[in-house]
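When a ligand or atom number is given, it counts from 1 through the structure's own listing order.
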Amino acid sequence: MSDTQFTPRVFSGIQPSGGLTLGNYLGALKRFVDMQNEGSFETVYCMVDLHAMTVWQNPADLRHNTRELAAGFIASGIDPSKSILINQSQVPEHAQLAWIFNCVARMGWMQRMTQFKDKAGKNAQNVSLGLFAYPALMAADILVYHATHVPVGDDQKQHLELTRDIAIKFNHDFEVDFFPVIEPVIEGAATRVMSLRDGSKKMSKSDPSDASRINMTDDADTIAKKIRKAKTDPEPLPSEAAGLEERPEARNLINIYSALAEMSVDAVMTDVGGKAFSEFKPMLAELAVEKLAPISTEMARLMNDQAEIDRILAHGAEQAREITAPILAKTYEIVGMIK
Ligand code: AMP
Ligand code: TRP
């Protein structure tokens with residue numbers, strides 16, 4: 001383990017693979033903003049374009065999606081004067097440290113990654129080598145900043161455990177106390193926002209059904225319509241959280257409400273217990289529109305000024321490299337590379 005005191009620093013990333021959903025917002029972006037504003041951490045947030053290209057990306061789309069994601073970060077409240085906002089490929093130390101970690105991580109560790117197994121499916125012989133190595137790059141993203149805290153949604157838990165394993169093995173193999181053993185930050189009511197059509201599936205930008213998700217670019221009418229049509233059961237809402245246990249769709253809508261309203265689930269149940277969905281859904285739609293519409297309007301405005309986005313990212317990369325270059329140089333020295 002590590003006895004060194006590291007600066008409390010947050011790192012997290014999102015893939016610019018097209019489209020941001022309410023799941024990304026509640027599970028990631030909104031919490032990134034909260035940690036930025038809390039004031040107890042340095043915060044670094046990243047568009048992970050190198051991760052996105054582990055599956056095929058049309059180059060023009062990748063460029064567009066990276067800028068759109070940057071707009072999404074800023075519109076959600078990431079302030080480039082408070083946080084370092086970067087695009088992964090513009091800070092080359094991520095990929096450089098990832099190579100070292102490819103030589104630390106073991107094949108067996110990677111083969112256990114459930115996200116790889118899900119994404120590769122029956123096609124495992126034909127996916128890119130990058131998709132397999134993906135979690136070692138993710139560990140490098142985090143550790144090249146000596147980050148200590150990583151806010152993510154529930155689906156990233158296993159990758160963060162692997163990041164800890166890589167740090168521990170590196171420190172052990174080279175007899176140093178150099179990389180921090182990070183803390184995953186997976187908390188709140190919305191670490192796993194589910195599909196609006198199926199309460200057992202994660203809300204995802206890759207779901208073929210657009211009705212299954214709320215996109216951050218959806219307009220007010222679309223948001224309201226999707227919530228009105230969301231799958232539910234015939235019972236009225238219970239007045240205590242325990243009553244949601246066997247009701248995944250109801251629980252999902254309550255969790256979304258709780259996260260958007262910044263109220264505990266218990267407080268929401270006190271307010272809405274006993275109501276029918278026909279009454280609750282319009283309340284949720286109104287709240288979702290109130291919170292999300294300003295973000296999509298601001299995203300559209302920012303997308304009209306791409307030079308400004310590019311300027312922010314260039315500045316972020318410069319700030320980032322002040323942290324990453326010395327950490328990479330020290331890593332090279334530890335492993336025996338000549339300067
Ligand atoms: P991705 O879009 O896969 O790069 O995910 C970016 C971030 O959003 C990660 O921290 C994910 O855990 C989080 N995320 C994605 N989908 C969801 C969801 N349905 N519920 C909660 N968090 C999510
Ligand atoms: N793998 C993450 C996802 O798909 C994205 C990511 C890449 C990330 N590097 C990271 C998240 C580092 C947290 C920290 O959601």
Using a strict cut-off of 4.0 Å, indicate which atoms of ligand 2 neighbour a heavy atom of [X].
X: Ile142; answer: 12 (C), 14 (C)
X: Ser12; answer: 11 (C), 13 (C), 14 (C)
X: Val48; answer: 7 (C), 9 (N)
X: Gln15; answer: 4 (O)
X: His51; answer: 7 (C), 9 (N)

Measure from the side-chain N and O atoms of [X] to the backbone N and O of [Y], and report whether any donor-acceptor pair falls under 3.5 Å.
X: Ser76; Y: Gly72; value: yes
X: Gln36; Y: Gly77; value: yes
X: Ser83; Y: Leu85; value: no

query: Looking only at heavy atoms, is any part of Val150 under 4.0 Å from ligand 2, and if so is it the side chain, the backbone, or both, or is it neither?
result: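 Side chain only.
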
- prompt: At a non-hydrogen distance cut-off of under 4.0 Å, which region of Val152 contacts ligand 2 (side chain, backbone, both, or neither)?
  reply: side chain

field: Spatial distance of atom NZ (Lys226) from atom CG (Leu196) [nearest 0.5 Å]
entry: 8.0 Å

- request: Can you figure out which of Asp155, Asp207, Val152 has its heavy atom closest to atom 11 (C) of ligand 1?
  value: Asp155

query: Looking only at non-hydrogen atoms, which of Gly153, Ser195, Gly27 approaches atom 10 (O) of ligand 1 most closely?
result: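 Among Gly153, Ser195, Gly27, the closest heavy atom to atom 10 (O) of ligand 1 comes from Gly153.
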
message: Using a plain distance cutoff, I'd like to know if Met203 has any nitrogen or oxygen under 3.5 Å from a nitrogen or oxygen of ligand 1.
response: yes

Got the closest protein heavy atom to [atom], with its distance?
atom: atom 10 (C) of ligand 2; result: Met138 CG, 3.5 Å
atom: atom 12 (C) of ligand 2; result: Phe11 CE2, 3.5 Å
atom: atom 21 (C) of ligand 1; result: Thr191 O, 3.1 Å
atom: atom 2 (O) of ligand 1; result: Lys205 NZ, 2.8 Å
atom: atom 23 (C) of ligand 1; result: Gly23 O, 3.4 Å
atom: atom 15 (O) of ligand 2; result: Gln156 NE2, 3.4 Å
atom: atom 1 (N) of ligand 2; result: Tyr134 OH, 2.7 Å
atom: atom 9 (N) of ligand 2; result: Asp141 OD2, 2.7 Å
atom: atom 6 (C) of ligand 1; result: Asn24 ND2, 3.5 Å
atom: atom 20 (N) of ligand 1; result: Val193 N, 2.8 Å
atom: atom 4 (O) of ligand 1; result: Gln15 N, 3.1 Å
atom: atom 5 (C) of ligand 2; result: Gly13 O, 3.5 Å

- line: ligand 1 atoms nearer than 4.0 angstrom to some heavy atom of Ala28 are 7 (C), 8 (O), 10 (O)

task: Check each atom of ligand 1 against the heavy atoms of Gln156 and keep those under 4.0 Å away; list them by number with element.
output: 12 (O)

Any salt bridge between [X] and [Y], counting N to O under 4.0 Å?
X: Arg164; Y: Glu161; result: no
X: Lys339; Y: Glu333; result: no
X: Lys291; Y: Glu262; result: no
X: Arg213; Y: Asp207; result: no

- prompt: Side chain, backbone, both or neither: which part of Ala190 has a heavy atom under 4.0 Å from ligand 1?
  reply: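 For Ala190, the contact with ligand 1 is made by the backbone alone.
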
- prompt: What part of Leu20, side chain, backbone, both or neither, has a heavy atom within less than 4.0 angstrom of ligand 1?
  reply: neither

message: Testing the basics here: between Val48 and Pro16, what is the closest heavy-atom pair and its distance to 0.1 Å?
response: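 Heavy atoms only, the tightest pair is O-CD, 3.3 Å.
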
query: For residues Asp141 and Gln88, is any side-chain donor paired with an opposing acceptor at under 3.5 Å?
result: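 Yes, side-chain donor-acceptor contact under 3.5 Å.
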
- request: Would you please say whether a donor-acceptor pair under 3.5 Å links the side chains of Asp79 and Ser81?
  value: yes

Taking C-beta and beyond as the side chain, do [X] and [Y] meet within less than 4.5 Å on heavy atoms?
X: Tyr25; Y: Val193; result: no
X: Pro180; Y: Arg9; result: no
X: His146; Y: Phe178; result: yes
X: Arg67; Y: Asp310; result: yes

